[in-house]
Amino acid sequence: MARRKRANGEGSIYRLKDGRWVGSISLPDGRRKVFYGRRQAEVVSKVNEALQQLRQGTFPLGPTMLLRDYLNRWLEEVVRPTVRLSTYVKYQKLIKTHIVPALGDMAIQKLTPYQVQAFYSLLRTKKRLSSKMIHLIHGVLHHALAIAVQWNLIARNVCDALVLPRLEEPPPRALTLEEARRLMASVTGHRFYCLLLFALTTGMRRGELLALRWADVDLERGSLRVLRTVDYLPHYGFVEERPKTRKSRRNILLAPVVIEALRQHRKEQEQLRAQVGEAWVEKDLVFTNLWGDYLSPNALLKAFARLIKQAGLRPIRFHDLRHSTASILMTLGIHPKVIQELLGHSTIQLTLDTYTEVLPNIQRAVVEKWQEVFNQQGEEEAKGGGELPE
């Protein structure tokens, strides 16, 4: 057989004894893909097209598979065994709601950067999704396709070639110290008074508050342990999980006013238990519904919105109470490291980055302190005759 010298980028091409032409290329996993044709130009075209697909990451290395089928397999075989159930459900919702309707019927090997980039643009312009949500969707798709590369289903991850919208997150909304006082004065006597006081003074997340048990609280020492979180997941009900990071599993000291409110809350809960009788669901929860079971997150959020309006405050989310804790403590001069540990942030940088809008107020306090120092020095010099020691 006559072998033709390989041209740059063509792969290996030669002629067989029966007159057919054959070409081959090397695949990323070490295998070779062979192409046959009756004419040399036909094989050259096939080889060049395959090489171009390899460069673009669209060459089918494995069996052809629709993106929707691959993502379902990835969710069940990779995600579900390795992450918390709440994370699995979040990924599943992003895929079902956004990715599959737009890209699900495409073969994973044929997916191009242009198609995914156009998909992100559609999410931004037509669906009006925030840049944060697009980054979340991108993170899910990127991780899924990275596994596809490892499984030799595709040659490269097309998500590596995309341009994401600038991540623009509005600064967290937070209550001022005066607004926090007004809120607590307004809810005095309400069944959620203790819960809101807890949220404001400890910075605990909603799921951490709703999963808190009396066994986690030491009233004598004035402390508690954050050991779990709970959320309501569609099709699963209430699901308790460990906090996602080591820093989130933390001990918190309670102010005397909180301990007093907690003692009163326990008495009221005992009275409610006596009224409910056998219908009471015993879970040892600190904050419950009217039957002792988990307090519904949606019920809490609706009640909180009403209480905020009743207090004459601008609308905020329940999670903004956590931001309020940090902002108020920063303005009171509490060290960021202490605030980091209270909130359960993984790093102090996360605390500082999240609450940078408070820093100008702190810097003004620094300026005032310096002014006090030099004013005091001037007064001392005046008393001493105004002469500086040599």
Side-chain angles (χ1 to χ4, degrees), residues 1-82 91 94-95 98-123 134 137-164:
M1 60 184 173
R3 184 178 295 269
R4 176 181 176 271
K5 183 178 180 181
R6 189 187 336 178
N8 184 33
E10 287 187 355
S12 176
I13 300 176
Y14 52 91
R15 192 173 190 179
L16 299 175
K17 291 182 179 180
D18 62 6
R20 291 181 302 161
W21 287 85
V22 61
S24 64
I25 60 173
S26 296
L27 301 179
D29 58 6
R31 296 178 296 139
R32 293 192 69 79
K33 175 69 176 177
V34 180
F35 304 90
Y36 294 93
R38 293 188 176 279
R39 294 173 306 190
Q40 176 182 344
E42 178 186 354
V43 174
V44 169
S45 177
K46 289 180 179 179
V47 167
N48 286 339
E49 181 181 1
L51 290 171
Q52 178 66 13
Q53 289 177 345
L54 278 176
R55 286 190 288 270
Q56 294 177 342
T58 59
F59 187 83
L61 297 177
T64 300
M65 184 181 300
L66 296 181
L67 182 62
R68 69 169 68 244
D69 297 329
Y70 169 73
L71 289 175
N72 285 334
R73 181 178 172 185
W74 172 74
L75 274 172
E76 297 305 318
E77 297 183 12
V78 177
V79 176
R80 192 164 197 165
T82 57
Y91 285 11
L94 290 174
I95 289 171
H98 301 292
I99 300 176
V100 165
L103 304 173
D105 291 331
M106 297 182 180
I108 186 174
Q109 293 88 351
K110 299 296 183 181
L111 198 62
T112 66
Y114 176 79
Q115 290 169 328
V116 182
Q117 189 75 63
F119 164 56
Y120 290 169
S121 297
L122 181 69
L123 294 178
I134 293 175
I137 294 169
H138 172 76
V140 170
L141 187 58
H142 187 279
H143 185 251
L145 295 182
I147 298 299
V149 172
Q150 294 179 23
W151 287 355
N152 288 325
L153 294 176
I154 54 178
R156 71 160 180 157
N157 190 336
V158 296
C159 287
D160 289 333
L162 303 181
V163 178
L164 293 177

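- Contact check for Leu145 versus Leu153: no side-chain heavy atoms found under the 4.5 Å cut-off.
- Applying the ring pair (Phe, Tyr, Trp, His ring centres under 6.0 Å) rule to Tyr120 yields the partners His138; only residues at least two apart in sequence or on another chain are considered.
- How far CG of Leu123 is from CD1 of Ile137: 5.0 Å, rounded to the nearest 0.5 Å.
- With contacts defined as side-chain heavy-atom distances shorter than 4.5 Å, the pair Ser45/Arg39 does not qualify.
- By the 4.5 Å heavy-atom criterion applied to side chains, Leu66 and Ile108 are not counted as neighbours.
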Verdict with supporting geometry, Leu67 and Ile99, side chain to side chain contact (heavy atoms under 4.5 Å, CB included): CA-CA 9 Å; Leu67 182 62; Ile99 300 176; 4.2 Å; yes

Could you walk me through whether His143 and Trp74 pass side chain to side chain contact (heavy atoms under 4.5 Å, CB included), step by step? CA-CA 10 Å; His143 185 251; Trp74 172 74; 2.9 Å; yes

Gln115/Met106 under side chain to side chain contact (heavy atoms under 4.5 Å, CB included): CA gap, chis, key distance, verdict: CA-CA 10 Å; Gln115 290 169 328; Met106 297 182 180; 3.7 Å; yes

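- Taking CG from Leu103 and CG from Leu141, the interatomic distance works out to 7.0 Å, rounded to the nearest 0.5 Å.
- No side-chain donor-acceptor contact under 3.5 Å links Gln40 to the backbone of Trp21.
- Between Phe35 and Val22 there is no side-chain heavy-atom pair separated by less than 4.5 Å.
- Using a 4.5 Å cut-off on side-chain heavy atoms (C-beta onward), Leu75 and Leu71 make no contact.
- Closest non-hydrogen pair, Ser24 versus Val47, comes out as N-CG2, 4.3 Å.
- Using cut-offs of 30° and 60° for the angle between ring planes, the Trp151 and Tyr70 rings count as perpendicular.
- Using a cutoff of 4.0 Å between basic side-chain nitrogens and carboxylate oxygens, Arg38 and Glu42 are not scored as salt-bridged.
- Summarising the geometry, atom CG belonging to Leu51 is positioned 9.0 Å from atom OG belonging to Ser26; distances are rounded to the nearest 0.5 Å.
- Remark: side-chain polar atoms of Lys46 are paired, donor with acceptor, to backbone N or O of Tyr36 under 3.5 angstrom.
- Listed by chain and residue number, Arg80, Tyr88 satisfy the side chain to side chain donor-acceptor pair (under 3.5 Å) test with Glu76 (two or more places apart in sequence, or in another chain).
- Here Ile134 contributes atom CD1 and His98 contributes atom NE2; the two are 9.5 Å apart, rounded to the nearest 0.5 Å.
- Pairing each heavy atom of Arg73 with each of Met65, the nearest pair is NH1-CE, 4.0 Å.
- Under the side chain to side chain donor-acceptor pair (under 3.5 Å) criterion, His142 pairs with Asp160, sequence neighbours left out.
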